[in-house]
Amino acid sequence: MRYLEMHLPTGREVPSDAEVVSNQLMIRAGMIRKLTSGIYSYLPLGYRVIRKVEQIIREEMNRAGAQEVHMPMVQPAELWQESGRWTYYGKELLRFRDRNDRDYCLGPTHEEVITDLIRNDIKTYRQLPRNLYQIQTKFRDEVRPRFGVMRCREFGMKDAYSFDADEAGAEKSYEKMFTAYKNIFRRCGLRFRPVEADSGSIGGSFSHEFMVMAESGEDAIVFCEKCNYAANLEKAEIARPQKSAGMENNWQPVESVETPCVRTIEEVSAFLNVPPQQIVKTLIFNADGKPVAVLIRGDHEVNEIKVKNVLGAAELELADDEMILKATGAPRGFAGAMGIKVRVIADYSIMNLVNLVTGANKEDYHLRNVNIDRDFKVESFADLRVVQPGDSCPRCGAAIQFVRGIEVGHVFKLGTKYSKAMRAVYLDRDGKEKTMIMGCYGIGVGRTVAACIEQNFDANGIIWPMPMAPYQVIVTPVNINEPDLMKTSEDIYKQLQSCGMEVILDDRDERAGVKFKDADLIGIPLRIVVGPKNLKDGQVELKVRKTGESKLYKTGDVVREVQSIIAAELKEVS
RNA sequence: CGGGGCGUAGCGCAGCCUGGUAGCGCGCUUGGUUUGGGACCAAGAUGCCGGAGGUUCAAAUCCUCUCGCCCCGACCA
């Protein structure tokens with residue numbers, strides 16, 4: 001396309017309200033504009049990149065046997081009430097009423113709608129399996145939209161849903177999607193890693209997130225260099241330790257100590273001159289309205305998701321002062337397991353400790369030499385803490401590493417969570433009614449684009465991998481007022497176009513420097529510079545954005561060269 | 001929702017403390033000179049100073065309320 005005809009408003013200044021690089025560059029490169037918090041327009045350049053990603057997704061989904069559909073964004077409350085999520089999903093679900101006062105929501109995801117479709121049209125095992133997907137706008141009323149299109153409220157998502165007759169089939173469907181996802185992100189030119197993840201409000205038994213490695217990522221990832229283990233920090237496990245024998249031989253008698261205004265682990269540690277590893281933190285949580293005591297070693301952090309899962313709680317938060325006072329009989333800072341009258345669960349980290357220091361459930365007092373089984377009972381030991389540097393791999397025991405990542409995709413084994421609640425059933429070979437087994441698979445399209453920029457930029461702007469590039473090549477005549485330069489540029493432009501290349505002709509009456517800066521900013525992989533000195537020798541310059549390397553070519557050869565570079569770079573990933 | 005910050009020309013900002021005719025850089029328009037990494041000269045245009053109320057002879061500036069946006073914590077593609 002001719003630059004003069006393009007709507008491509010580039011900017012020189014970094015927008016004051018954009019924090020992350022991808023957001024800054026997407027605005028400066030004229031890809032997006034913010035309408036209001038968490039809601040963006042895509043301008044032509046940005047939308048071209050979106051469509052590139054969508055196309056790669058379509059090809060790989062189709063190849064994996066999924067079929068594209070398009071479901072409504074507006075969804076009736078009844079479906080959500082049926083699945084139980086009308087109440088469970090919370091404020092993120094944007095609800096509204098129509099003129100007849102009926103309740104609706106904007107779809108944040110489509111399990112309900114797809115399950116309804118399938119249950120109405122599928123009656124027999126002969127019609128299974130099925131995998132349907134769509135690329136569609138989702139709305140989630142995020143608590144805090146941020147980082148531009150990376151976490152916004154309205155966003156494009158590819159979501160796929162599989163329905164199988166049995167576990168084995170469901171497993172196969174999951175594997176197919178897992179493979180498709182690896183292909184998609186590889187073809188997008190991303191450095192990524194699939195990790196084990198928590199299922200969150202989508203539910204289900206098992207899930208993997210696809211993480212694009214980036215310092216600015218919101219997620220922490222734990223991985224083992226020896227084996228294949230990789231997990232989201234919130235999911236990362238600690239192996240169950242062996243119970244030591246004969247601990248009771250070292251038990252000392254319990255001792256009460258006055259500890260005025262000593263509340264935190266650091267304060268207790270300093271006051272009693274005991275290392276934090278010997279102190280037990282007793283945290284009172286409010287689990288669906290009931291207090292629960294969670295015990296953990298003083299130097300560790302509780303992973304609330306693990307606690308939530310172990311307790312099977314729908315809502316979990318740290319208890320407020322009132323609940324703590326009621327549960328322990330003391331203000332915050334003096335809770336302990338001994339004598340407490342609520343459920344007590346404990347992290348593995350305290351399983352093999354003896355002569356613990358804990359709160360006394362009495363203001364300004366702590367206890368020494370408290371021992372498990374003798375002085376209090378633990379309902380169950382479980383993995384409840386956040387993995388820390390220095391911990392070992394739960395699979396092979398080797399050291400683990402920490403990195404940051406951006407979640408661009410998530411695959412779930414849903415099981416029968418929705419099919420059961422919404423009665424998606426079929427008749428099997430024996431004429432018996434069975435519940436379908438589901439999986440669901442999401443990719444954030446806009447987020448994938450932003451993540452790609454986070455991995456591919458320099459001081460001058462974006463550096464698109466070829467498969468993502470909005471245009472593959474830009475032809476830059478250094479001065480449009482010289483007819484020779486323009487004629488050659490036009491020729492090359494037309495030839496590139498006619499052999500199917502995506503090309504911009506920068507026909508603006510600007511100085512060369514301005515054009516170079518813009519080409520770099522918007523990240524076009526290849527640039528053909530048509531200038532007077534080289535053209536005198538019948539040559540033009542071909543510059544590669546990624547490496548900064550440039551070479552001279554005969555005007556007659558440059559088109560073929562560009563064509564072969566593009567073909568090679570697209571083939572490399574396909 | 002809790003904590004912090006910001007709303008002044010299309011973009012980036014100064015002015016506010018100590019009230020007195022709204023400014024700078026970039027961009028934009030016109031003319032001219034330039035032309036291989038964001039040129040130069042000249043002449044211009046552009047503002048409900050986020051909104052409402054108040055104090056005052058006088059408010060971008062002080063006070064009250066409100067709306068919006070960004071950042072840090074509870075979520076997720």
Side-chain angles (χ1 to χ4, degrees), chain A residues 9-20 23-24 27-28 30 33-39 53 57 89-93 108-110 135-160 181 197-202 207 209-212 217-219 232 234 304-305 308 315-318 406-412 440-451 460-461 476-482 485 508-521 527 529-535 540-541 543 548 550:
Chain A
T10 57
R12 205 165 161 166
E13 311 269 4
V14 176
S16 63
D17 59 357
E19 191 73 6
V20 294
N23 192 215
Q24 294 172 355
I27 294 167
R28 287 187 55 211
R33 290 292 181 262
K34 181 167 67 189
L35 179 62
T36 181
S37 180
I39 299 181
V53 175
I57 291 173
Y89 212 94
K91 287 189 183 161
E92 219 175 297
L93 188 64
T109 173
H110 281 69
I135 296 176
Q136 212 235 21
T137 302
K138 299 281 188 270
F139 195 95
R140 296 183 186 175
D141 203 353
E142 285 282 346
V143 276
R144 185 148 94 78
R146 60 186 139 170
F147 304 151
V149 299
M150 205 110 85
R151 172 169 305 286
C152 49
R153 298 193 294 171
E154 186 179 311
F155 60 98
M157 172 168 152
K158 187 284 306 180
D159 46 324
Y181 273 41
D198 185 71
S199 299
S201 65
I202 304 289
S207 80
E209 288 168 340
F210 284 77
M211 293 288 189
V212 167
E218 290 184 86
D219 290 277
N232 192 309
E234 62 187 34
E304 291 193 18
I305 289 169
K308 199 170 163 180
E315 294 292 335
L316 184 84
E317 56 182 13
L318 275 170
I406 301 164
E407 181 193 356
V408 290
H410 202 158
V411 294
F412 298 83
C440 78
Y441 318 93
I443 292 178
V445 180
R447 186 182 281 185
T448 300
V449 172
N460 291 320
T476 308
V478 297
N479 184 348
I480 66 156
N481 299 312
E482 294 187 32
L485 299 189
R508 292 177 298 169
D509 189 6
E510 288 286 354
R511 314 188 98 230
V514 173
K515 298 187 187 189
F516 295 156
K517 289 286 183 192
D518 274 333
D520 285 350
L521 175 62
R527 186 174 83 207
V529 183
V530 184
K533 287 169 220 150
N534 294 322
L535 192 60
V540 292
E541 177 189 337
K543 182 154 184 163
S550 66

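Order of the sequence lines fixes the chain letters, A, B, ..., with proteins taken first and strands second; residue numbering starts at 1 for each chain.
Atom CZ in A/Arg508 sits roughly 19 Å away from atom P in B/U35 (whole-Å rounding). Between the NZ atom of A/Lys515 and the C1' atom of B/G37 there is a distance of 13 Å, given to the nearest Å. Between A/Arg144 atom CZ and B/G73 atom P the separation is 6 Å, expressed in whole Å. Regarding A/Gln24, its CD atom lies at a distance of 13 Å from the C1' atom of B/C70, rounded to whole Å. Nucleotide B/G36 holds its C1' atom 15 Å from the CG atom of A/Asn481, rounded to whole Å. Counting to the nearest Å, the P atom of B/C75 and the CZ atom of A/Arg151 are 11 Å from each other. If you take CD of A/Glu482 and C1' of B/U35, they are 8 Å apart, rounded to a whole angstrom. Rounded to whole angstrom, the span from the CD atom of A/Glu19 across to the P atom of B/G5 amounts to 16 Å.
Geometrically, A/Arg447 does not engage A/Phe155 in a cation-pi contact defined by less than 6.0 Å to the ring centre and at most 45° from the axis.
Taking only distance into account, the side chain of A/Glu13 never meets the base of B/G10 through a donor-acceptor pair shorter than 3.5 Å. In this model, a side-chain donor or acceptor of A/Lys543 finds a partner on the base of B/G37 within 3.5 Å.
When heavy atoms are screened at a 4.0 angstrom cut-off, A/Glu92 is found touching the sugar-phosphate backbone but no base atom. Using a 4.0 Å heavy-atom criterion, one finds that A/Lys34 contacts the sugar-phosphate atoms exclusively. If you check every strand for non-hydrogen atoms under 4.0 Å, A/Val514 touches a base. Residue contacts for A/Asn534: at a heavy-atom cut-off of 4.0 Å it reaches a base atom on one of the strands shown. Using a 4.0 Å heavy-atom distance criterion, A/Asp518 is classed as a base contact.
Using Watson-Crick or G-U wobble geometry with both donor-acceptor distances under 3.5 Å, B/G36 finds no partner in any strand shown. Pairing for B/C49 is absent, with no Watson-Crick or G-U wobble pair whose two atom distances lie under 3.5 Å. Pairing of B/U56, defined by two Watson-Crick or G-U wobble distances under 3.5 Å, is not identified with any nucleotide. Both distances falling under 3.5 Å, in either a Watson-Crick or a G-U wobble arrangement, place B/C6 opposite B/G68. Remark: B/C11 base-pairs with B/G25; criterion is Watson-Crick or G-U wobble with both hydrogen-bond distances under 3.5 Å. Pairing of B/C75, defined by two Watson-Crick or G-U wobble distances under 3.5 Å, is not identified with any nucleotide.
The backbone N or O of A/Glu92 lies less than 3.5 Å from no partner atom in the side chain of A/Arg140, so there is not a single donor-acceptor pair. Between the side chain of A/Arg28 and the main chain of A/Val14, no donor-acceptor pair closer than 3.5 Å is present. One N or O on the side chain of A/Lys158 and one on the backbone of A/Tyr441 form a donor-acceptor pair closer than 3.5 Å. Distance alone, capped at 3.5 Å, places no donor-acceptor pair between the A/Glu154 side chain and the A/Ile39 backbone.
Position along RNA chain B of the nearest nucleotide to A/Lys533 versus A/Ser16 favours A/Ser16 as the more 5'-ward residue.
For B/G25 and B/U21, the C1' atoms lie 23 Å apart once the distance is rounded to whole Å. For the P atoms, the distance from B/A77 to B/C6 is 35 Å, rounded to whole Å. Look at the C1' atom in both B/G12 and B/G27: the space between them is 11 Å, to the nearest Å. B/U64 and B/A22 have their P atoms separated by 26 Å, given to the nearest Å.
Considering only the side chain of A/Phe155, B/A77 comes nearest among B/C76, B/A77, B/A39.
Remark: ring of A/Phe516 not stacked against base of B/G36; the cut-offs of centroid gap under 5.5 Å and plane tilt under 30° are not jointly satisfied.
Across all non-hydrogen atoms, the minimal contact from A/Met150 to A/Ala451 is SD-N, 4.4 Å.
When the side-chain nitrogen and oxygen atoms of A/Thr36 are compared with OP1 and OP2 of B/G68, none of them lie within a distance under 4.0 Å.
A/Asp518 is linked by a side-chain hydrogen bond (donor to acceptor under 3.5 Å, both in side chains) to A/Thr10, A/Arg508, counting only residues two or more places apart in sequence or in another chain.
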